[in-house]
2 protein chains.
Amino acid sequence: MDGDGIGEPVKGDTRRKPAAPDGGREDGVRRRNVARILKAATTLFSRKGFEGTRIAEIAEAAGLPKANVYYYFSSKEDVYDAVIKRLIGDWDAALAHITPDADPRRALEGYVRAKLEHARKHGEESRVFASEIIGGARFLSRKDRQHMRDVTRTHAATIDGWIAAGKLRPVDPRHLLIMLWGMTQFYADFEILACDALEQPKLRRGDFDVAARTIVDTVLSSLVPQQGSQ
Amino acid sequence: MDGDGIGEPVKGDTRRKPAAPDGGREDGVRRRNVARILKAATTLFSRKGFEGTRIAEIAEAAGLPKANVYYYFSSKEDVYDAVIKRLIGDWDAALAHITPDADPRRALEGYVRAKLEHARKHGEESRVFASEIIGGARFLSRKDRQHMRDVTRTHAATIDGWIAAGKLRPVDPRHLLIMLWGMTQFYADFEILACDALEQPKLRRGDFDVAARTIVDTVLSSLVPQQGSQ
DNA sequence: TTAAAATCTGACCAAATGGTCAGAAAAACA
DNA sequence: TGTTTTTCTGACCATTTGGTCAGATTTTAA
């Protein structure tokens, strides 16, 4: 579920040359360059935000002349949009663990661990997304936001179902999702604070393991009825 | 504990005129204008980040000509620094609830509620701080970071003390603090996501109450020995 | 009233930045 | 091989922006 969808036909390809040589399956050059640009852009956007990032920087980091970036993307916003688009997939990939007939504890633990794993491996992407939200979601399409809302609603319903079935103690499902999201997100977005708090120069896999265990032990164990189920 | 320290002698006042008329107690004009500038700056920085905010905007929002902003601050970074400085105080104000001889449940609940209250009332400030951290804490002084580390260490020790005294179930205190910080922070920094998740146009006091109750009910109740002990 | 200090401001500027473009290479195709 | 399409790029430009400054205005001190 790690969606490596790098290089999908980018929105504003170019107006000068219609591009997209053979339908949709790009060969090599285009795909490779677009991927390079997006990778460099992700790193830079995560560090310096949208306004703080110069396309000249992106170009340099991607090993291309600036004008070449404009060959593939029509504007800086176009590059940013492409970066954001890749993130939405990650948003609910982790949530896929939460299904109606799954065991609540297993499902939520799976979600937490997937979320933390994502935080560990894709901190930069996460931070771009976080900045975008903090800044007012100015570039997030209405469609994408609606999608996130829908996903939340679906999973809230699932959790409500668990509660109704007596598989979970009563809890506001939406706030529960926010709690889990917030806790796990912290390790990616505020990695610096987490490092300071843990007094470590860098978060290692072991730290994420402890984090997962702590979250699971405290949050989940209080929600899943102890006696009956495992 | 809401520290209204607006208008303290700002770092780079001006080099042209030494300023600070009578020692430290500013009369009116300076204090008022500095306060206006910082307020406008906070709003704008929270929405558009450091690079995205133009000092001309700040000036306009503060109702002053741009050059006047430069009379009080030596540079854009100087303004930003002043805004950041005000936030550090908030950082541990909420943490003041956590003291060694307090009742763990009361203390942690107090912390959570104070944190959420802060999120509710000072979302903008919180978002500036969040952006700063996400962007790599480029403008946060070493002293301030050390301070935050120290505060965390102190409170982690307090929590460890509670555990040793059998007043709290064993838990990694640092991760616990991160959890609480992350959950509560979410409502401020990612207010947009929280609104979407709760399907509300705006977070109202009631939402924060439910949030507090949910956090307390799930996290804290699993940590504080209910009757006998663990 | 007068001198000095503090505050204010319009006009200005050098540098940086997003974006353009004409035409050169390089591939793909016939 | 010739031609068409795609890719690449140096040079260029209009605009924006952080920051400056000299002098005007107001406030405080004597």
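The sequence lines fix the lettering, A, B, ..., with proteins before strands; numbering per chain opens at 1. Just so we're clear, the structure is a prediction, and the values are computed from it rather than from any experiment.
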Q. Charged N to carboxylate O under 4.0 angstrom, Arg127(A) versus Glu124(A)?
A. no
Is it true that Glu117(B) and Arg113(B) make a salt bridge, defined as a side-chain N closer than 4.0 Å to a carboxylate O? no
Proximal nucleotide (of [options]) relative to the [X] side chain:
X	options	value
Tyr70(B)	dG19(D), dG19(C), dT9(D)	dG19(D)
Asn68(A)	dC8(D), dG19(D), dT17(D)	dC8(D)
Ala67(B)	dG18(C), dC21(D), dC21(C)	dC21(D)
Lys76(A)	dT7(C), dG19(C), dT7(D)	dG19(C)
Tyr71(A)	dC8(C), dT9(C), dT7(D)	dT7(D)
Val29(A)	dC8(D), dT9(C), dG18(C)	dC8(D)

Taking atom [atom2] of [N] as reference, at what distance in whole Å does atom [atom1] of [X] sit?
X	N	atom1	atom2	result
Glu57(B)	dT16(D)	CD	C1'	12 Å
Arg54(B)	dT17(D)	CZ	P	5 Å
Phe73(B)	dT17(D)	CZ	P	20 Å
Ile58(B)	dG18(D)	CD1	C1'	11 Å
Ile55(B)	dT16(D)	CD1	P	15 Å
Arg31(A)	dT6(D)	CZ	P	18 Å
Asn33(A)	dA26(C)	CG	P	15 Å
Glu51(A)	dG19(C)	CD	P	11 Å

Here the side chain to side chain donor-acceptor pair (under 3.5 Å) pairs for residues 176-189 of chain A, sequence neighbours left out, are Lys115(A)-Thr184(A), Lys115(A)-Gln185(A), Ser126(A)-Gln185(A), Ser126(A)-Asp189(A), Gln185(A)-Asp189(A), Tyr187(A)-His175(B)
*Is Tyr72(B) near enough to dC8(C) that one of its side-chain N or O atoms lies under 4.0 angstrom from OP1 or OP2?*
yes
side-chain N/O Arg30(B) vs dT7(C) OP1/OP2, d < 4.0 Å: yes
So salt bridge (charged side-chain N to carboxylate O under 4.0 Å, His left out) across residues 56-65 of chain B, not counting sequence neighbours, yields Lys48(B)-Glu57(B)
| said: Can you classify the ring geometry of Phe50(A) versus Phe45(A) as parallel (below 30°), tilted (30 to 60°) or perpendicular (above 60°)? | reply: parallel
Nearest-nucleotide check on DNA chain D, Val69(A) vs Lys66(A); residue mapping nearer the 5' end is Val69(A)
